[in-house]
Amino acid sequence: MTSPTTSPPLPPSDAAPAPLEADARPTEEQRQIHIHLRKIPLLAELSDEEVLAIKPEMRIRQYAKREVVLQKGGSGDGLLFLLSGQLQVIDITEDGRAIGLRMLVPGDFFGEIALINNSTRSASVVAMSDVLVGFLPAPVAMRLFSHSPSVARQMLRHLAQKIQRDSEFRALLSINNTAKRIYSFIVLMQKKNPDGTVVENLPTHQDIANMINTSRETVTRALLTLAQQGIVQKESHRLIIKDPEALEKLVKGD
């Protein structure tokens, strides 16, 4: 198995986004985000009163590409929401390598495990593009968990899906054949799409390599092979699955 490419050490970062200064004038984008909190799936079923209660508590912060949003080991002092852009959850090995664990897209929330356990962050989160992140302080988030049935249901569903996803990913990493491991990764990402024919927000070849313990060149060759066979079509930041049955056969080794 090829060793993953070593990434540079993550730069230091505060564990939680800093709040807007009291006298700072929020941008129009920030105002719109406050207005449309229900576009966040976890908060979609909140009552008007609940939305009004958390609006002033939600802090908004921008991060540039490759900037650290959460640092492993930081305190679990809030729940975070990705409002725009793309993030990657990363773990750092003892020898300093950055291993990608999963990608986050707008509407996703993160930091919930450390918050619920009252523990430190178990992984880092890095911006893969310019991003906008919402931060809800721990007391407000925990009050939502305990007093809002819709949020509690969504959180339980999320945790169940997380357990299943982590189990699937461990099984993927146990595949010795590198090409089959790459094909299996594509199938896992494909399942996130309702119609199962498009992988949106496709990570870079290097990010895929880091996540599944191989090299960027190997990922590039595997995707090129799929394209040449007419199984996939590569577009900017997404992958169209033209022949899902053929992809499944490659995964199964048929």
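Computed from a predicted model, the values in this text were never measured in an experiment.
With hydrogens and angles ignored, the 3.5 Å screen pairs a side-chain donor or acceptor of Arg121 with a backbone N or O of Gly111. At distances below 3.5 Å, not a single donor-acceptor pair connects side-chain atoms of Asp91 with backbone N or O atoms of Ala123. A donor-acceptor pair is defined here as one N or O able to donate and one able to accept, closer than 3.5 Å; such a pair exists between the side chain of Glu67 and the backbone of Ala64. One N or O on the side chain of Thr225 and one on the backbone of Arg221 form a donor-acceptor pair closer than 3.5 Å. For Arg181 (side chain) and Ile175 (main-chain N/O), a donor-acceptor pair under 3.5 Å exists by modelled atom type. Side chain of Thr220 to main chain of Arg216: a donor-acceptor pair is present (N/O by atom type, distance under 3.5 Å, no hydrogens or angles). The closest donor-acceptor contact from the side chain of Asn117 to the backbone of Ala114 lies at 3.5 Å or more, if one exists at all. When atom types are taken as modelled, the side chain of Thr120 and the backbone of Ser75 share no donor-acceptor pair closer than 3.5 angstrom. Of the possible donor and acceptor atoms, one in the side chain of Glu50 sits under 3.5 Å from a partner among the backbone N and O of Ser47. Of the possible donor and acceptor atoms, one in the side chain of Ser124 sits under 3.5 Å from a partner among the backbone N and O of Lys72.
Pairs passing the ring pair (Phe, Tyr, Trp, His ring centres under 6.0 Å) check and including a residue from residues 164-185, sequence neighbours excluded, do not occur.
With respect to Lys180, the side chain to side chain contact (heavy atoms under 4.5 Å, CB included) criterion is satisfied by exactly one of Asn176, Asn177, Ile182: Asn177.
Under the 4.0 Å criterion applied to side-chain N and carboxylate O atoms, Lys249 and Asp243 are not assigned as salt-bridge partners.
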Could you list the donor-acceptor pairs under 3.5 angstrom formed by side chains in residues 147-154, with sequence neighbours left out?
unit_1 : atom_1 : unit_2 : atom_2 : d
His147 : ND1    : Arg143 : O      : 3.1
Ser148 : OG     : Ser150 : OG     : 3.2
Ser148 : OG     : Val151 : N      : 3.4
Arg153 : NH2    : Glu45  : OE1    : 3.3
Gln154 : OE1    : Arg157 : NH1    : 3.2
Gln154 : NE2    : Pro41  : O      : 3.2

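Val251 and Leu173 fall within a single hydrophobic cluster, where Ile, Leu, Val, Met, Phe, Trp and Tyr are joined by side-chain heavy atoms under 4.5 Å apart, directly or via other members. Hydrophobic clustering (side-chain heavy atoms under 4.5 Å, transitive across Ile, Leu, Val, Met, Phe, Trp, Tyr) keeps Ile208 apart from Val105.
Of all heavy-atom pairs between Glu235 and Ile240, the closest is OE2-CD1, 3.2 Å.
Once rounded to the nearest 0.5 Å, the distance linking CG of Leu80 with CZ of Phe135 reads 6.0 Å.
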